Structure formats: structure tokens, C-alpha cells
*Asks:* 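Let me give you the structure first, and then I'll get to my questions.
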Amino acid sequence: MRGWRLRFQKFRRREIRFRTLLVKLAWVSRELHPRRVFRISRARRREVRNVFVRLECDGIAGYGEASPNAFYDETCEGVAAKLEAARDWLGTLQIRDSADIERAWEEAWRHVAPSRAAQCAIDVALWDWLARREGRSVAEMLWNEKPRAVTSFCTIGLSTAEELDEKVGELACFPRIKIKSDAAASVETVARVRERSAAMIAVDANCAWSGLDISALAAELARLGVEFIEQPLPPGDDAQLPTKCALPIFADESCVTETDVERVAQRFDGFNIKLVKCGGITPARRMALRARALGCKLMAGCMLESSALIAAGAAIAQRTDFADLDGAWLIADDPFAGWQFERGVLMPPHHVGLGAEPIERLFES
């Protein structure tokens, strides 16, 4: 395994050619650390390892990121391998407009499958590069409007009583809070947060409520003013969701790619779009448009990510009902500066592209 990783370290920076332009493509993996241990029902994280991509052409650099998650059978090493596998194909590309990026997204799958995370990193970098070249923001290119501020949920992971009090204190005056839940389905935790906060509250079970009475839980949570429940059951158990419920239920793990949207719209009230799940900005925009046509509520979400991928999520969040884009705020060593996070609100920067820049020499050996 060590030798395999060393081979990728050797080849992580190469020059490739578009048909008429000299392009430099670099990737690097970086360990990121949450400010506190981050716990959900199936995992606890003291660190994550993400993959960052830089595409440079004609003096302009575009940046992308993959935040691989084991739940979707993604690893840092797997993403790296697929980026390497895509090099020859990348050398055939010409990117002149957004239609070229959409075609590139389709073609990329032949080279990076089954890694949607690798596809995401390439796609985000291409959107960033093209928007910078055009002197516009990615949000403008997607929606033909200037980007607006995005109000985000701030997440409270599974916590001890002492940790919970500290976290709620930190979120005083924040407008939206998401509380992680597990098989215990503690309503008391939600009640303690509600006692100290007037924020909008959502509860995310991360598939942990199998065997529980979801209708009864929803009724209790509704009395506490909870806005919605996210992913109470594992994806294979969607048919067991109650048909009548006191609260809306949103899909997360049950809605991975755009092919899931029609099915999810029949079972859930809304769903969570995450770029690293679906393969980037290109499919996320289509998912948002299709959800609107189906009358489905939407949330733009994230993993533990830097400000680069959060900026891409904020561009999609221009057309969603909710956003859960606190991934960079949760980490202590963000290698990018991007949308400023002010008391739970992401403020768009006055920059072109994604609006995110590396604050250190990530891609230099």
C-alpha cells in the first residue's frame, strides 16, 4: 500500500495539453481536522483527507475539491487513482462555454467511474476556471444573477451534556441549527437546544432510526418547533417511511445522483444535494431544476470540506430552500479562503469564479 501511494505522489503534478492551449493540472491530498471531534450515528471524525485539484491555463487557475466518504465507497486513494486515469482524456478537451463543461462531465464518467467524488473535483475546477476566464462568478454563470448571501444550518454532532451546552452557547444568535441524532433518538437533546435557542432546528438521523416509531417521534419534535427530519432510515428502507407525518422528511443518503430524484420525490418531501455525491456542479444544477418542477423542497449540503467546495455548494444554494454548508466552519485548518461565514450566514466575496482562493501553497512540493 505504501509503494502504491508513493507512485501517486510521484505523478500528482503533470502537464497536459488541450488541443490548442498548454494546461497544468495538479492534485494534492490534504488532511483536515474538525475543531472538535465530529460524531454522527455511524462514525466519529478527528480528521478527514480530501483531494484538491488545480487546473491552470493561460495564467488562470481553477480549483476543485473532493471530500470522499466511506459510506459511498469513496477513498482519497481511489479519487487520486481516477484523477490519474483521466489524464489522457483531459488532454483532448476544449472548454469554451458551459455547454462544453456539460459535455465534459458526461465524458468524464468513462474515465473516473465509479468515483463521483473524482468527477466532482474535475467538474468544479472546470466551472471555476471558465468563470474566472469570463470574469464572472460561478453563481452568475449558473443562474444569470449576482450571488446572494446564503443562510446555513450549523451542525451539532452527537454530544455529551457538557459538550452540548458548550456548542449551543457557541451558536447563540445563529439562525439555523441541525442536530445529529442516533438510534437513541433523544428528544431531550432537541429540547435542551430549544430552551437556549430560537433558531430554526432540523434533526438528522443519518439512517439510524430503524425500528422506531417515526410518526410518534415527528409529533414530539414538531411540538418543539423542529422544521424537518433528515434521513431517518437506511436507503433500502424508504418504503417503510410513514405516509402521514407531522414533519417533512428530507432524503440525504437516499438521494445520491440525479437518477434518484424522481423516486425520492415520491417518498420524501425534499432532498439534500451534495456535490461530492452527485458528481459536481453540473448535475447539481439539473437536480435543482428538476426538483422545482416536481414541487420538491431542496437543501444544498456538504461533508467536512474546505471553503473551495463550500463555495461551489453556495452557488447551487442560490436555488435551494435550505443550506447546510458549514463544513469549512467546522474545520480548524481550512486551506482556502472563500465565502465569509458570519454567524451562520455565508457572505459572497467580490471575486470571480467560485470566490475561493488557496491561502497556502497547496500544490507546490
Side-chain angles (χ1 to χ4, degrees), residues 35 63-65 67 120 123-124 127-128 131-132 136-156 170-179 197-202 204 227-228 230 248 250-252 255 269-278 280-292 296-331 334 336-357:
R35 291 184 286 111
Y63 297 96
E65 180 180 357
S67 50
C120 171
D123 184 71
V124 169
W127 277 103
D128 190 33
R132 289 171 187 258
R136 305 173 69 192
S137 70
V138 170
E140 287 178 281
M141 294 194 71
L142 293 175
W143 313 114
N144 202 31
E145 294 177 2
K146 293 283 188 182
R148 58 173 175 77
V150 174
T151 301
S152 175
F153 282 99
C154 296
T155 305
I156 295 179
E170 183 180 21
L171 298 179
C173 300
F174 280 50
R176 296 181 180 179
I177 296 173
K178 180 188 280 191
I179 303 170
S197 175
M200 177 188 292
I201 294 176
D204 184 2
E227 187 75 13
F228 62 84
E230 187 175 350
F250 274 56
D252 182 357
C255 189
D269 301 287
F271 63 86
N272 190 346
I273 301 173
K274 291 181 180 175
L275 304 190
V276 76
K277 291 192 308 183
C278 69
I281 291 170
T282 297
R285 176 171 64 170
R286 293 195 294 254
M287 291 172 76
L289 292 172
R290 185 57 185 150
R292 283 285 176 255
C296 209
K297 292 290 187 179
L298 279 173
M299 179 160 60
C302 66
M303 308 294 187
L304 290 170
E305 300 166 350
S306 84
S307 288
L309 204 44
I310 293 299
I316 294 298
Q318 302 298 303
R319 287 296 186 275
T320 65
D321 302 284
F322 304 101
D324 179 17
L325 295 171
D326 62 343
W329 178 74
L330 290 168
I331 62 175
D334 187 353
F336 276 79
W339 291 50
Q340 190 68 33
F341 198 80
E342 298 179 4
R343 290 182 176 271
V345 179
L346 285 159
M347 306 300 296
H350 301 291
H351 300 301
V352 296
L354 291 172
E357 299 287 346

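Keep in mind that this is a model prediction, so the values were computed, not measured.
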*Asks:* Between Asn272 and Gly301, is there a donor-acceptor pair closer than 3.5 Å when you use the side chain of the first and the backbone of the second?
*Replies:* yes
*Asks:* What I'd like to find out is whether the side chain of Arg319 reaches to under 4.5 Å of the side chain of Trp143, using heavy atoms alone.
*Replies:* yes
*Asks:* Counting only N and O atoms by type, is there a donor-acceptor contact under 3.5 Å from the side chain of Glu305 to the main-chain atoms of Met303?
*Replies:* yes
*Asks:* Would you call Lys274 and Asp252 a salt bridge, taking side-chain N to carboxylate O under 4.0 Å as the test?
*Replies:* yes
*Asks:* Kindly say whether Trp329 contributes a backbone atom to a donor-acceptor pair with the side chain of Arg35 at under 3.5 angstrom?
*Replies:* yes
*Asks:* Which heavy atom of Ala323 sits nearest to which heavy atom of Val150, and what is that distance?
*Replies:* CB-CG1, 3.5 Å
*Asks:* Name the atoms and distances for all side-chain donor-acceptor pairs under 3.5 Å in residues 339-351, with sequence neighbours left out.
*Replies:*
unit_1: Trp339; atom_1: NE1; unit_2: Leu354; atom_2: O; d: 3.1
unit_1: Arg343; atom_1: NH1; unit_2: Ala172; atom_2: O; d: 3.4

*Asks:* Between Tyr63 and Trp127, does the ring centre distance come in under 6.0 Å?
*Replies:* no
*Asks:* Rounded at 0.5 Å granularity, tell me how far CD in Glu230 sits from CZ in Phe153.
*Replies:* 9.0 Å
*Asks:* Students often mix this up, so state it plainly: with edges at 30° and 60°, are the rings of Phe250 and Phe322 parallel, tilted or perpendicular?
*Replies:* perpendicular
*Asks:* Whether the side chain of Asp123 engages the backbone of Ile281 through a donor-acceptor N/O pair (distance < 3.5 Å, no angle test) should be reported.
*Replies:* yes
*Asks:* Apply side-chain contact (heavy atoms from CB on, under 4.5 Å) to residues Leu309 and Ser67 and explain how you reach the verdict.
*Replies:* CA-CA 9 Å; Leu309 204 44; Ser67 50; 3.8 Å; yes
*Asks:* Is Glu227 salt-bridged to Lys297, cutoff N-O under 4.0 Å?
*Replies:* no
*Asks:* Looking at every non-hydrogen atom in both residues, tell me the closest pair between Leu275 and Ala312 and how far apart they are.
*Replies:* CD1-CB, 3.4 Å
*Asks:* To the nearest 0.5 Å, what is the distance between SG on Cys255 and CE on Met299?
*Replies:* 11.0 Å
*Asks:* I'd like to know if the side chain of Arg285 and the backbone of Ile316 have a donor-acceptor N/O pair within less than 3.5 Å.
*Replies:* no
*Asks:* On a heavy-atom basis, which atom in Glu65 and which in Ala308 lie closest, and how many Å separate them?
*Replies:* OE1-CB, 3.7 Å
*Asks:* Roughly how far, to the nearest 0.5 Å, is CG of Leu142 from CG of Leu289?
*Replies:* 9.5 Å
*Asks:* Can you find a pair of side-chain heavy atoms, one from Arg132 and one from Val352, that are under 4.5 Å apart?
*Replies:* yes
*Asks:* Tell me, with the steps shown, if Asp326 and Cys302 meet side-chain contact (heavy atoms from CB on, under 4.5 Å).
*Replies:* CA-CA 8 Å; Asp326 62 343; Cys302 66; 4.1 Å; yes
*Asks:* Where the side chain of Gln318 meets the backbone of Pro147, is there a donor-acceptor pair that is under 3.5 Å apart?
*Replies:* no
*Asks:* Under 3.5 Å, is there a donor-acceptor pair between the side chain of Ser137 and the main chain of Glu140?
*Replies:* yes
*Asks:* Applying side-chain contact (heavy atoms from CB on, under 4.5 Å), run through Asp204 and Lys178 and close with a yes or a no.
*Replies:* CA-CA 7 Å; Asp204 184 2; Lys178 180 188 280 191; 3.8 Å; yes
*Asks:* Side-chain contact test, heavy atoms from C-beta onward, threshold under 4.5 Å: evaluate it for Leu171 versus Ser197 and give yes or no.
*Replies:* no
*Asks:* When you measure from the side chain of Arg292 to the backbone of Leu298, do you find a donor-acceptor pair of N or O atoms at a distance under 3.5 Å?
*Replies:* no
*Asks:* Could Asp324 and Arg176 be called an ion pair, given the rule that one side-chain N must be under 4.0 Å from one carboxylate O?
*Replies:* no
*Asks:* Any side-chain heavy-atom pair from Cys120 and Val124 closer than 4.5 angstrom?
*Replies:* yes
*Asks:* To the nearest 0.5 Å, tell me how far Ser307 OG sits from Phe336 CZ.
*Replies:* 9.0 Å
*Asks:* I need the Ile177 CD1 to Cys154 SG distance, nearest 0.5 Å.
*Replies:* 7.5 Å
